[in-house]
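These notes concern the structure reproduced below.
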Protein chains: 2
Amino acid sequence: MMMNQQTLDLRMKAFRSRCAERGLAMTHQRWVIYRIMAGTAQHPTPEETFAQVRKEIPSISLATIYKNIKTFLDAGLLREVSTPDQTMRLDANLESHHHLICASCGKILDIPEDSVVPVHLKKPLPKGFRVESYNVSFLGFCGQCGPGVQAST
Amino acid sequence: MMMNQQTLDLRMKAFRSRCAERGLAMTHQRWVIYRIMAGTAQHPTPEETFAQVRKEIPSISLATIYKNIKTFLDAGLLREVSTPDQTMRLDANLESHHHLICASCGKILDIPEDSVVPVHLKKPLPKGFRVESYNVSFLGFCGQCGPGVQAST
DNA sequence: TTAACTGCAAAGCCTTTGCAACACG
DNA sequence: CGTGTTGCAAAGGCTTTGCAGTTAA
């Protein structure tokens with residue numbers, strides 16, 4: 001996960017203009033929150049993001065994390081992932097993709113769209129329904145868990 | 001949705017033995033909760049279920065609904081559906097199936113497994129991951145909503 | 001009869017909101 | 001400078017828990 005200063009500057013510039021396009025101020029907090037979310041494939045919860053951001057901005061509050069997550073969702077900079085968890089999980093990967101979910105530890109891995117043969121419907125949909133997109137969730141067990149193995153804490 | 005007394009008796013018997021198999025007492029509350037959940041394809045929330053059950057058992061408490069939902073989930077009589085909502089949605093349809101989700105009003109419709117051509121992976125999975133099942137969520141707009149149309153309350 | 005279940009009320013999360021001080025543009 | 005943003009604290013939902021009384025088997 002090495003990243004040099006130049007790359008970071010470029011990303012910050014890109015983020016700054018994406019904010020500008022939407023009339024959002026580019027604050028230090030926003031940049032750190034976004035950089036951390038976009039820098040992980042872990043689909044972090046607000047709480048996990050808070051913990052990470054706090055390492056850089058100890059004074060940040062959880063409310064700011066929540067407010068900005070909402071702002072980013074509205075702006076289309078983040079997406080919410082559906083999981084059986086009772087807490088929100090976020091995804092900064094805006095490309096169309098699918099998910100691999102470990103039934104034991106809950107870990108979610110992304111699968112690129114082109115790893116899956118396009119899904120077809122064999123039968124007509126209920127009348128009037130128009131499909132815009134679809135998402136496949138594969139449920140199974142990751143290497144660390146394996147079926148029958150208890151979830152590690 | 002007509003159902004005669006005989007059919008109901010049969011279902012109740014079936015439910016009673018399913019409870020017995022798992023060492024669960026067959027209470028009036030449990031039967032009504034289960035019957036109502038199994039009698040709808042609407043993937044009800046605990047609150048919606050509470051409202052329905054209350055019509056028959058006005059004294060029931062929301063805590064009893066929650067406790068029994070948990071009991072049924074553990075017993076495998078219900079499943080939890082993943083949605084972008086922040087509230088739990090339940091499904092008494094235990095057959096393998098897929099979902100059609102209206103992006104506007106949030107309604108979820110079931111699609112039988114055999115309406116979808118089996119999904120294939122073109123590329124290998126991350127090392128060690130074993131897939132047990134998968135679920136396809138189609139996102140779109142139902143007949144009542146249509147894109148661009150405001151969600152009705 | 002006895003273990004399990006119910007209903008109530010209180011507590012526990014996660015998330016949102018109101019407001020004064022502060023920062024971006 | 002003015003609007004938008006932050007941090008704090010309090011409030012709001014949804015869900016869980018503890019307990020005394022009740023019920024199924």
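No hydrogens, no waters, no symmetry mates; every other heavy atom, side chains included, goes into these values.
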Who are the side-chain contact (heavy atoms from CB on, under 4.5 Å) partners of L73(A), not counting sequence neighbours?
I69(A), L78(A), E80(A), L90(A)
Here the residues of residues 26-34 of chain A within 4.0 Å heavy-atom distance, strictly under, of DNA chain D are T27(A), Q29(A), R30(A)
DNA chain C nearest-nucleotide lookup for I60(B) and A25(A): closer to the 5′ end is I60(B)
When you match L24(B) and L62(B) each to their closest nucleotide on DNA chain D, which lands nearer the 5' end?
L62(B)
Donor-acceptor pairs under 3.5 angstrom involving side-chain atoms of residues 118-127 of chain B: please list them, not counting sequence neighbours.
residue	atom	partner	partner atom	Å
K122(B)	NZ	D114(A)	O	3.4

Going by the side chain to side chain donor-acceptor pair (under 3.5 Å) test, which pairs reach into residues 12-23 of chain B, not counting sequence neighbours?
R18(B)-Y34(B)
H99(B): what forms a ring pair (Phe, Tyr, Trp, His ring centres under 6.0 Å) with it, not counting sequence neighbours?
H43(B), H97(B)
Which is the 5'-most and which the 3'-most nucleotide of DNA chain D that has an atom under 4.0 Å from a heavy atom of chain B?
dC14(D) to dA25(D)
Which residues share a salt bridge (Lys or Arg N to Asp or Glu O under 4.0 Å) with E113(A), sequence neighbours left out
none
With sequence neighbours excluded, what pairs up with Y134(A) under the ring pair (Phe, Tyr, Trp, His ring centres under 6.0 Å) test?
H98(A), F138(B)
Give one of base, sugar-phosphate or nothing for A63(B), where a contact means two heavy atoms less than 4.0 Å apart.
base
Ignoring hydrogens and angles, tell me if any N or O in the side chain of R30(A) forms a donor-acceptor pair with the backbone of N68(A) under 3.5 Å.
no
Salt-bridge contact R35(B)-E56(B) (side-chain N to carboxylate O under 4.0 Å)
yes
Check every strand shown and say whether T64(A) touches a base, only sugar-phosphate, or nothing at a heavy-atom separation below 4.0 Å.
base
Tell me the interatomic distance from R54(B), atom CZ, to dT6(C), atom P, rounded to whole angstroms.
16 Å
NA contact type, S59(A), heavy-atom cut-off 4.0 Å: base, sugar-phosphate, or nothing?
sugar-phosphate
List in numerical order all residues of residues 66-75 of chain B for which some heavy atom is under 4.0 Å away from an atom belonging to DNA chain C.
K67(B), N68(B)
Taking transitive links into account, so neighbours of neighbours count too, which hydrophobic residues share a cluster with L10(A) at under 4.5 Å side-chain distance?
none
Could you give the angle between the helix axes at the two ends of the helix from dT1(C)-dA25(D) to dG25(C)-dC1(D), with five pairs per end, rounded to 10 degrees?
50°
side-chain contact (heavy atoms from CB on, under 4.5 Å) against A20(B), all qualifying residues, sequence neighbours excluded
none
